[in-house]
Each structure stands twice: as structure tokens, then as C-alpha cells.
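In each ligand, atom 1 is the first atom listed, and ligand 1 is the first ligand listed. What you see is a predicted model, and the numbers here were worked out from it, not measured in a lab.
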Amino acid sequence: MELTVLGANGTYPAPGGACSGYLLRHEGFTLWMDAGHGTLSQLQLHVPVTEVDAIFLSHAHPDHFVDVYPFFYSLFPRRERPNQQVPIYGPKMVQERMCRLLTRRDGKDDFESILPWKTFEPGAVTDVGPLHLTAFESAHSCTNVCLRIEAGGSVLTYTGDTGPHESLEKAAAGADLFLCEASWLEEERSIPEPIHLRAREAGEIATRAGASHLVLTHIWPHNDMKMVREQAAAAYSGPLDLADGGNAWSI
Ligand SMILES: [Zn+2]
Ligand SMILES: [Zn+2]
């Protein structure tokens, strides 16, 4: 599998940056994981829009799905693949929120004809092209899928947005690459509810899970990146990276 970061900013984009979005390519199949602000622009630096085979949306927050809207319009007038359908996998709540943006006044639903919806809630397992997907529980302010992807004997785990949850360790067990959110620093006190992870907690989960490589993402742009790295590294001794647009790894 080839993973490319389209955007890794938490909640709002940094100057020139983008919110959550990743491309995963394997055996000629392309999965777009999360479609935060700015990611469609970045995606087209790597593949044409007509080469996206499926989309995964972790949860119903705008910083993870709003670029599906321009993606729909980028496909709509195309002639190259007139019958192209790109299924979207994610929790039901994403569909409910997204379709409010896209439903036409006359009630006709062109959106579903091009982007058919596939409900994918925690506990579900499915094959998408050559990828085997398992959806794990997590702790967020709306239903979020923590995604484990297996293909070609390798494992990628992507948390989406989550606070500490016992299932994260299972989702990332033995992962070759653990793409884990690290929105907060140790000192973060602004939101009492544990809906995001601190960098140290990301490191602790990666260690307990036995992940081979930890990549931190969904980092708030105003955070001190040096501190993010230091706090994660204090709990995880393996290879550690901070995701940034354009980063790519073979898994
Ligand atoms: Zn988010
Ligand atoms: Zn969120």
C-alpha cells in the first residue's frame, strides 16, 4: 500500500495547508480517506479525480467531509468515465449531514447516482477493491470509525478523531503504520470531554499496540510541533513522524 498525506491540520487549515485527507493506493485501486477542507485541491496533484475508486469518511465533522461537495461537481460534467460511481463508506450520520448540503430543490438526487452511500459503522467489516476494512469504536463527539486496513500482508490503522478508547489498541495491533490523531498537547485544558488524543496518549497506544511506525496527524496548527514530537516520543520509541501534506510512505 502507498499512503499519501493530502492534509493533516486539525479542525482548521494552516496557511497553504489542508484538513484531514489521505490517499491510499494499492494494486491500481485508489481510496480517498477523509475529505477535509483543501484536500480535493491536494488530491489532484497526485491523481486525476476520475481515478478515485472509493471514499472513506471517518465521521460527520466538516473538517473530514466537506470536499466531497466539490468532488461531486468535478465528476458531474465529465465525459471520460460517464458511468463512474464512487461509493462512499462511513457512519450514517455523515450521509445525513452531507446530503443536506447537496440535495437539489426539485428533489432529484444526482448525488447518490454518482456517489452511492455505503453505511460503515463501528463493528463492520468489508472488502473495498483489494483492501480489507474493519471499523472499530472510538471516543468522539459523534460516531467516528477508527479504520484498520489490511492488504498485501500489511496493516494501516487510521484513527479519524478520537479520545482514549480501549478499542484503539486492538485496531492498531501490529500495524505497520499507525496514523493516529494527536490534536492536543499535554497542557491542553480547553475541552474537558476526552474527544481527542494528546500526543503522549498517541505514543502510549502505539507502544501498547506494538505498531511499527507512528505517524501523528490532525495536529492543531497553533501547536508547537517540537513539543508534539517530544511528548509522543516520550511514550513511543519506534519511528515517529508528523504528517504533513505531500508526505508519502510505502506500507
Ligand atoms: Zn477533526
Ligand atoms: Zn471530529
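For the Zn ion (ligand 1), protein N, O or S atoms under 2.8 Å: 4 in total.
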Please list every donor-acceptor pair under 3.5 Å in which a side-chain atom of residues 62-70 meets a protein atom from a residue at least two apart or in another chain.
| from | atom 1 | to | atom 2 | distance (Å) |
| --- | --- | --- | --- | --- |
| Asp63 | OD2 | Thr11 | N | 3.4 |
| Asp63 | OD2 | His218 | NE2 | 3.1 |
| His64 | ND1 | Asp34 | OD2 | 2.8 |
| His64 | NE2 | Asp161 | OD1 | 3.2 |
| His64 | NE2 | Asp161 | OD2 | 3.1 |
| His64 | NE2 | His218 | NE2 | 3.4 |
| Asp67 | OD2 | Gly38 | N | 3.1 |
| Asp67 | OD2 | Thr39 | N | 2.9 |
| Asp67 | OD2 | Leu40 | N | 2.9 |

Would you tabulate the side-chain donor-acceptor contacts of residues 169-176 under 3.5 Å, counting partners in other chains and residues two or more places apart, or write 'none'?
| from | atom 1 | to | atom 2 | distance (Å) |
| --- | --- | --- | --- | --- |
| Glu169 | OE1 | Arg208 | NE | 2.8 |
| Asp176 | OD2 | Val155 | N | 2.8 |

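Phe72 contributes atom CZ, which lies 7.0 Å from atom CG of Leu115 (distance to the nearest 0.5 angstrom).
For residues 233-245, the set of pairs meeting the side-chain hydrogen bond (donor to acceptor under 3.5 Å, both in side chains) definition, not counting sequence neighbours, comprises His213-Asp241.
Proximity of the aromatic rings of Trp220 and Tyr12 is defined here by a centroid distance below 6.0 angstrom, and this criterion is not met.
Using modelled atom types, one side-chain atom of Thr207 and one backbone atom of Ala235 make a donor-acceptor pair closer than 3.5 Å.
The name of the N, O or S atom in His140 nearest to the Zn ion (ligand 2) is NE2.
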